[in-house]
Amino acid sequence: MSGDNDNVGRRFDRLPATAAERTVDGRATREEVVDYFETRFAIPAETFDEYTFWEKGSGKIWVYAGEAPSPLEIEAIGMTCLRTRQEHWKPTTDAVQRFGTHADRCVIELDREEAARFVAGEDQELEWDGDWGYLIAAHEVAGAVEPLGVGLYVHGEFRSMVPKGRQRDLER
Amino acid sequence: MEPLERYRPIIDDFEAFLEACQRPLGNAVRVNTIKASADRAVATLEEEGVGFERADWNPNVIRLETDSPGSTWSSFHGFTHGQEEVSVVPPVVLDPQPGERVWDACAAPGGKATQLAALMDDRGTVVANDSNLGRLSALRFNAERLGATALAVTNQDARNYSLKPFDFDAFDRSLVDAPCSCEGTIRKNPDTLDGWTEEHMHSVAGVQKGILRRAIQATREGGTIVYSTCTFAPEENEAVVNHVLETEDCRVREFDLALEHSPGVTEWDGEAYDESLERAARIYPHQNDTGGFFVAKLEVGA
Ligand SMILES: C[S@@+](CC[C@H](N)C(=O)[O-])C[C@H]1O[C@@H](n2cnc3c(N)ncnc32)[C@H](O)[C@@H]1O
């Protein structure tokens, strides 16, 4: 049966504020999403005060600044920011570039050479004594630290998660 | 070049115009202020050793001295976006404000839609529409790379656009950056005139009228519309605006433009257009060493 409360693949549904308002099993709540960014990356919850979060398909979360009713059947709103249906949630490269400047935890700072490898999609051995899992890769650009994207850190290796279409060969 | 001969009567210094049309165009980028200030973008380019020159008419336009503007750190971070210099003009003329509802009727691949979002500090709603789904995927890619969160993307024929997906029934401002015969892009695509026919031009003009008409209907009383094309043909420019002046409740507004340009024409091929079309701007390649563009600003209602 496919009723109103199912997760419909072609349509955007606004995330419920909290678990108490949840009508679709397994759907993340706004509270959990904001919490995730705050707990994992120390991105202050207020960063998202003016945004709404939406799900389209299973577990793909979008962040949006504009107005729209829910549910909504259009091509896209705002940008994809997070995948939630696996055990470990995974932020997107573009969301990390957009909001990662506010991050203060699980941010691995790369030098220019390492950053270029990361952007080219390469995996590399790196020292890191923080948490394992998804990290924000960042480097210094013109005097300030700038997020590059997401990588997965396990067993001393940092794997670039930059999607193929975003990878570039840049000056090292 | 031959199809351009017909514009000899309306273009001052026609030889300089023809000569400019044969010169290749450099690579310009627009600073994406959603992600970086112009100062930060410029500092990033300097740090990575990319040569550039800043445009004097707009602080966010930079002319790059590289053949691969997409392969810079600045571009990877979304600080800059490859966008032809004149193509930056229409959103500037539309002048959208943070929090407004703005429609980009023909938005793909999204250079102007993301610029609209940036001009609004990425606050408000920019409905980016295009009838071509393939081109919309390029728009979505660009929007995400540039971090534009105020965009809502729709796939409709703009001529009979429905606002049904949304809770509001009119936009504050609309941009119609219409499909056109693209004569003004000849410096980028030298073969753009190869398939030129008068028939095609008239059929495109029909689509343009349909889209502009719908944009006027979908914009609130007192709201602003910008109509733009990258072509020289008055049939696709002044004639299209003249058509909606006759059929819809709207008028042509004056605007400031710091780039050298010529006024819109009020007579062409035996037809006369409304005098107010002089307020439109024709930007020719030889005037600022750019591509060509036409821009008209309209206001809905009296
Ligand atoms: C000049 S391009 C737009 C460029 C875009 N504004 C930008 O800055 O990146 C014109 C666009 O109009 C679209 N188009 C053509 N006919 C249309 C229609 N009837 N409704 C909506 N879009 C249409 C084309 O697919 C094309 O992407």
Side-chain angles (χ1 to χ4, degrees), chain A residues 11-12 47-48 50-54 56 62-81 92-101 112 115-116 118-120 137-149 162-172, chain B residues 34-37 39-50 68 70-79 98-102 117 120-130 133 136-141 143-156 164-168:
Chain A
R11 123 192 151 182
F12 288 91
T47 309
F48 300 105
E50 313 262 318
Y51 296 90
T52 51
F53 292 98
W54 302 69
K56 182 193 185 189
W62 305 58
V63 58
Y64 179 50
E67 317 169 42
S70 177
L72 179 69
E73 279 198 46
I74 61 173
E75 297 305 312
I77 43 174
M79 64 196 294
T80 53
C81 68
T92 63
T93 299
D94 291 315
V96 155
Q97 284 201 0
R98 178 69 166 81
F99 297 103
T101 40
R112 186 53 62 113
F118 176 83
V119 169
H139 72 152
E140 199 177 301
V141 179
V145 175
E146 191 68 35
L148 291 154
V162 177
K164 273 249 152 34
R166 282 286 263 128
Q167 294 172 6
R168 291 288 178 278
D169 270 315
L170 298 179
E171 182 243 337
R172 304 199 171 191
Chain B
I34 295 173
K35 282 186 155 182
S37 65
D39 285 349
R40 182 149 169 73
V42 161
T44 303
L45 290 168
E46 265 167 5
E47 191 176 87
E48 58 183 315
V50 176
S68 43
S71 295
T72 60
W73 284 100
S74 163
S75 162
F76 179 75
H77 283 294
F79 293 176
E100 286 185 334
R101 297 161 179 161
V102 178
M120 294 160 67
D121 296 332
D122 205 24
R123 313 288 341 153
T125 306
V126 178
V127 176
N129 176 71
D130 203 280
L133 200 56
L136 273 186
S137 76
L139 175 142
R140 287 174 51 184
F141 178 83
E144 298 217 334
R145 185 177 71 80
L146 299 173
T149 60
L151 254 57
V153 181
T154 64
N155 178 215
Q156 294 187 37
K164 215 171 125 227
F166 301 99
D167 270 345
F168 48 86

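Residue numbers start from 1 in every chain, and the chains themselves are labelled A, B, ... in the order their sequence lines are given, proteins ahead of strands.
For the pair A:Glu146 and B:Arg40, the salt-bridge criterion is met [side-chain N within less than 4.0 Å of a carboxylate O]. Under 4.0 Å is where a charged nitrogen must lie from a carboxylate oxygen, and between B:Asp122 and A:Arg98 at least one such pair does.
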Fill in: Audit row: B:Ile34, B:Leu146, side-chain contact (heavy atoms from CB on, under 4.5 Å) steps and yes/no
CA-CA 7 Å; B:Ile34 295 173; B:Leu146 299 173; 5.6 Å; no
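At a 4.5 Å heavy-atom cutoff, the contact between A:Thr80 and chain B is made by backbone and side-chain atoms alike. If you measure heavy-atom distances from B:Arg140 to chain A, the contacts under 4.5 Å come from the side chain alone. Within the 4.5 angstrom heavy-atom criterion, only backbone atoms of B:Thr72 (N, CA, C, O) approach chain A. For A:Glu50, the parts lying under 4.5 angstrom from a heavy atom of chain B are both the backbone and the side chain. Heavy atoms closer than 4.5 Å to chain A are found in the side chain of B:Leu133, but not in its backbone. For chain A, the nearby part of B:Ala148 is the backbone; its heavy atoms alone come within less than 4.5 Å. For A:Pro71, no part lies under 4.5 angstrom from a heavy atom of chain B. Both the backbone and the side chain of A:Ala115 come within less than 4.5 Å of a heavy atom in chain B. Both the backbone and the side chain of B:Glu48 have a heavy atom closer than 4.5 Å to some heavy atom of chain A.
Residue A:Tyr64 forms a side-chain contact (heavy atoms from CB on, under 4.5 Å) with just one option from B:Thr125, B:Thr149, B:Leu151, and that option is B:Thr125.
The ring of A:Phe53 has its center no closer than 6.0 angstrom to the ring center of A:Trp62. In summary, the aromatic rings of A:Tyr51 and A:Phe99 are positioned with their centroids under 6.0 Å apart.
Relative orientation of the A:Trp54 and A:Phe12 rings is perpendicular, given thresholds of 30° and 60° on the angle between their planes.
Although no hydrogens or angles enter the test, the distance criterion places no donor-acceptor pair under 3.5 Å between the side chain of A:Glu67 and the main chain of B:Gly124.
Heavy-atom pairs under 4.5 Å with chain B were tallied for A:Thr92, A:Leu72, A:Val119; the largest tally goes to A:Val119. Comparing A:Cys81, A:Gly149, A:Gly66, A:Ala142 by heavy-atom pairs within less than 4.5 Å of chain B, the highest count is held by A:Ala142. When each of A:Ala76, A:Gly78, A:Gly143 is checked for heavy-atom pairs under 4.5 Å with chain B, A:Ala76 comes out on top. Interface summary for chain B: among A:Arg112, A:Glu171, A:Gln167, A:Arg166, the most heavy-atom pairs under 4.5 angstrom belong to A:Arg166.
Partners of B:Phe168 under the ring pair (Phe, Tyr, Trp, His ring centres under 6.0 Å) rule, at least two apart in sequence or in another chain, are B:Phe166, B:Phe171.
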